[in-house]
Structures are given as structure tokens and as C-alpha cells.
Participant: 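What follows is a structure written as C-alpha cells; I'll ask about it next.
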Amino acid sequence: MNGTPAPIERAAELLRSARRVAVLTGAGVSAESGLATFRGAGGLWEGHRVEDVATPFAFRRDPELVWRFYNMRREALARAAPNAGHLVLAELERRKGAENFDLITQNVDGLHTAAGSRRVWELHGNIRRVRCTGCEIISDRGLEALPDLPRCLDCGQLLRPDIVWFHEALPMDVWNRAEQATRECRCLIVAGTSAIVYPAAGLIELAAASGAGVIEINLVRTAASGHATVFLEGPTGRLLPELVKRM
Ligand code: BV8
Ligand code: ZN
């Protein structure tokens, strides 16, 4: 070896020396918990592209189909547990101090919170919550089995998952906090995302433009790899613990 430190060592040095740390996660960090990613199996579900099912138009056109998609994912999630990657990110928050740490996730599975992370910004909502299409009441239904077409007990209108679909705006308060955390962090870890979906994926370029060191962890290079200071190739369930151990 000609003396240049291994990528994992360079990444550990970036993480160690950063006072403010942010993490952006995608479906890849939940893959080792047994949950399907979006573009893993060609991104198809019952022959539909996710981008065609997770939309307000699909819900208006065929609410049963959309609820089948979400009830199937809720059932899978009821059998899933946080994996080593989720758990070590909660450990990293404890070591850096909550005021210096922000976990921004595109995932709707709630596994970061289940793993003990506190400062979690859920850009795309959470599959455990439902929202009434009539009176807008939001309730946390955990992972209990829901009917094929769940209705609001108050007003009788259809319930929908409290999730941001394609073509829908992200929750502004959550987005603003995520954007601010990205500007202020000195190190951004990008883990398990194909960096295709915006505006979430735009946070990676924003971090790099703000002078943060960007550590990308993925099985393959992605659309964001050009912004990465260090690329660690492999599963997050192994590499996140290895990275934090070396910190
Ligand atoms: C908005 C909730 C405007 C749903 C999600 C054309 C038409 C329509 C829209 C657009 C368009 N072009 C661009 C857009 C905008 C659109 C968009 O970005 N589309 C993409 C497809 C091009 N964005 C939107 O529509 C957003 N809203 O723009 O609104 C607006 C503005 C103001 C006012 C009104 C309107 C809304 C985007 C949010 C959509 N909702 N989720 C649900 O979950 O059911 S996004 C969905 O994709 C999930 O949240 C998921 O997390 C996210 C991103 O996917 P990834 O997490 O990256 O997962 P993926 O499978 O792709 O990749 C997994 C990665 O992990 C891979 O790289 C793999 O290699 C890696 N991996 C796998 N295993 C491991 C691993 N890595 C490490 N270890 C492992 N073990
Ligand atoms: Zn209602």
C-alpha cells in the first residue's frame, strides 16, 4: 500500500473530526432488515412501477390497489426489526450529542426511531400513520392490520397513508430542518440510497457545496457518487458499524 489511507480510514477521519454530522438514508439501510427496496427488484410491484402506485392519481383511480401496496408493506414491516446499521446510527447520535446530529431519512418504515435514534427527519412521512382525506386527522395506527379500504371513524371518508407520494410536496417544517442540518453539517453520510428522488437527493450536492465531507455507502455507485469525498462499497449493515468503530 503506498501510504494513502484506506477509504474506511479516510471516512473515519472525516467523521471523527466533524463536530456537526448529518446522515441521509434510503431504502438500502432497511434491506438487511428484510424490507424490499424500491429499485432493487426492478422497482416493480404487482407489475406496477412504484412511481405509478405511490401517487394521488393512483389513489383516486384505484384506492384498493394503493392500499394493497401499503398493507403489504405494513405486514412486511411488522416482521422486520432494525438491523446493525440502524442501531449504530443511534449510537453515533449518542456519541456526537443530539444537538450535533441529524438523521434525515427518505424511508417511511420508522426503523431508525425503533433503533433508538432521536433526531430523525422523515422527509416522506411514516407508514405507521394514516391521514383522513376528509377531516385531515392524522393517527398513528402502528402496524395493526387495516381493512382493504380503511375509513375515518369521525367523518366516514377514506383514510390514506400519511406518506408523501410522488407529485406531492414534502412537509415544509421537516424539509426546512433537513436543509438547515445539511448546510450546517461538516460531514454527511449518505447511506443506501440511489439518489434518484428529489428534492431529497439534492441534499447531497448541497452538503458538498457547503464544504461538508460526504461519505457514501452503497453496494454500487449512484447518481450522487460524483459528490462523495469517500465511497465505501458494501452493505450498510456491515460498513456503518465498521465506520463508527474506527471513529
Ligand atoms: C415533488 C413515499 C413537487 C412513497 C417516496 C417526473 C414525474 C413526476 C415527478 C417527478 C418527475 N421527475 C422528477 C419528479 C419529482 C419526483 C422525483 O424525484 N421522481 C423521481 C422518480 C425522478 N419527486 C416528487 O414527486 C417529490 N415531490 O417533487 O413535489 C411539488 C413541490 C411543491 C408543491 C407541490 C408539489 C416527492 C418525492 C417523494 C416520493 N415518495 N416515498 C412510499 O414509500 O411508498 S420516495 C421513495 O423513493 C421512497 O421514500 C424511497 O426511499 C425513495 C428513494 O428511493 P431509495 O430510498 O433511494 O431506494 P432505492 O430502492 O431507489 O435505492 C436503494 C439503494 O440502496 C440502491 O442504491 C441500492 O444499491 C442500495 N442498497 C440496497 N441494499 C443495500 C444498499 N446499500 C447498502 N447496503 C445495502 N444492504
Ligand atoms: Zn375524517
Side-chain angles (χ1 to χ4, degrees), residues 24-45 48-59 66-74 76-77 83-86 104-112 122-139 150-172 174-175 189-204 216-225 231-243:
L24 173 67
T25 61
V29 299
S30 296
E32 290 160 90
S33 295
L35 297 180
T37 62
F38 285 80
R39 290 156 197 96
L44 291 185
W45 175 78
H48 303 275
R49 282 176 352 115
V50 170
E51 285 84 8
D52 298 334
V53 175
T55 73
F57 321 111
F59 189 68
V66 176
W67 264 114
R68 236 189 355 267
F69 176 56
Y70 285 98
N71 277 334
M72 178 274 293
R73 286 170 61 194
R74 287 167 55 89
L77 184 51
N83 63 59
H86 295 111
I104 304 157
T105 188
Q106 300 171 85
N107 300 340
V108 298
D109 57 33
L111 289 180
H112 286 303
E122 294 180 322
L123 296 180
H124 298 155
N126 188 310
I127 202 167
R128 298 161 196 255
R129 292 194 306 268
V130 296
R131 185 168 81 233
C132 176
T133 57
C135 60
E136 297 283 312
I137 288 179
I138 291 176
S139 50
R151 289 194 172 276
C152 174
L153 297 179
D154 287 8
C155 73
Q157 290 296 321
L158 264 184
L159 298 178
R160 60 165 281 176
D162 189 29
I163 267 181
V164 179
W165 281 330
F166 289 98
H167 309 275
E168 290 188 321
L170 276 59
M172 282 322 287
V174 174
W175 172 253
I189 299 173
V190 181
T193 182
S194 59
I196 290 172
V197 172
Y198 281 79
L203 293 173
I204 304 162
E216 183 178 26
I217 305 178
N218 201 309
L219 302 176
V220 293
R221 290 191 182 256
T222 69
S225 298
F231 179 82
L232 303 180
E233 182 173 339
T236 50
R238 173 171 63 79
L239 287 176
L240 278 169
E242 278 196 27
L243 175 61

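Whatever order the structure lists ligands and atoms in, that order sets their numbers, starting from 1.
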Participant: What atoms in ligand 1 come closer than 4.0 Å to a heavy atom of Glu51?
Facilitator: 21 (C)
Participant: Is Ala200 in contact with ligand 1, taking contact as a heavy-atom separation below 4.0 Å?
Facilitator: no
Participant: For Ala27, take its heavy atoms, then give the atoms of ligand 1 lying under 4.0 Å from any of them.
Facilitator: 55 (P), 56 (O), 58 (O)
Participant: Starting from atom 17 (C) of ligand 1, what is the nearest protein heavy atom, named by residue and atom, and what distance separates them?
Facilitator: Tyr198 N, 3.9 Å
Participant: Against heavy atoms of Thr193, which atoms of ligand 1 measure under 4.0 Å?
Facilitator: 55 (P), 57 (O), 64 (C), 65 (O), 67 (O)
Participant: Less than 4.5 Å apart, side chain to side chain, heavy atoms only: is that true for Leu203 and Leu123?
Facilitator: yes
Participant: Where on Glu32 is there a heavy atom closer than 4.0 Å to ligand 1, on the side chain, on the backbone, on both, or on neither?
Facilitator: side chain
Participant: Can you sort out which atoms of ligand 1 are near Val220, meaning under 4.0 Å from one of its heavy atoms?
Facilitator: 69 (O)
Participant: Counting C-beta onward and ignoring hydrogens, is there a side-chain heavy-atom pair between Val29 and His112 closer than 4.5 Å?
Facilitator: yes
Participant: Any idea which atoms of ligand 1 are less than 4.0 Å away from a heavy-atom of Gly26?
Facilitator: 56 (O)
Participant: Taking the Zn ion (ligand 2) as the center, what protein N, O or S atoms are found at less than 2.8 Å?
Facilitator: Cys132 SG, Cys135 SG, Cys152 SG, Cys155 SG
Participant: Using the test salt bridge (Lys or Arg N to Asp or Glu O under 4.0 Å), find all partners of Arg68 that sit at least two apart in sequence or belong to another chain.
Facilitator: Glu46
Participant: Taking distance alone, no hydrogens or angles, what donor-acceptor pairs closer than 3.5 Å link side-chain atoms of residues 131-139 to residues at least two apart or in another chain?
Facilitator:
{"residue": "Arg131", "atom": "NH1", "partner": "Asp162", "partner atom": "OD1", "Å": "2.6"}
{"residue": "Thr133", "atom": "OG1", "partner": "Leu158", "partner atom": "O", "Å": "2.6"}

Participant: Go through ligand 1 atom by atom and flag the ones less than 4.0 Å from a non-hydrogen atom of Trp165.
Facilitator: 36 (C), 39 (C)
Participant: Do the two ring centres, one from Phe69 and one from His48, sit under 6.0 Å apart?
Facilitator: no
Participant: Are the side chains of Thr193 and Thr222 in contact, using a 4.5 Å heavy-atom criterion?
Facilitator: no
Participant: Which of the atoms of ligand 1 are close to Ile163, meaning less than 4.0 Å from one of its heavy atoms?
Facilitator: 2 (C), 4 (C)
Participant: I need the atoms of ligand 1 closer than 4.0 Å to a non-hydrogen atom of Asn107, numbered in the order shown.
Facilitator: 51 (O)
Participant: Taking only residues two or more places apart in sequence, or in another chain, which ones meet Arg238 in a salt bridge (Lys or Arg N to Asp or Glu O under 4.0 Å)?
Facilitator: Glu242
Participant: Identify whether the distance between the nearest side-chain nitrogen and carboxylate oxygen of Arg129 and Glu122 falls below 4.0 Å.
Facilitator: yes
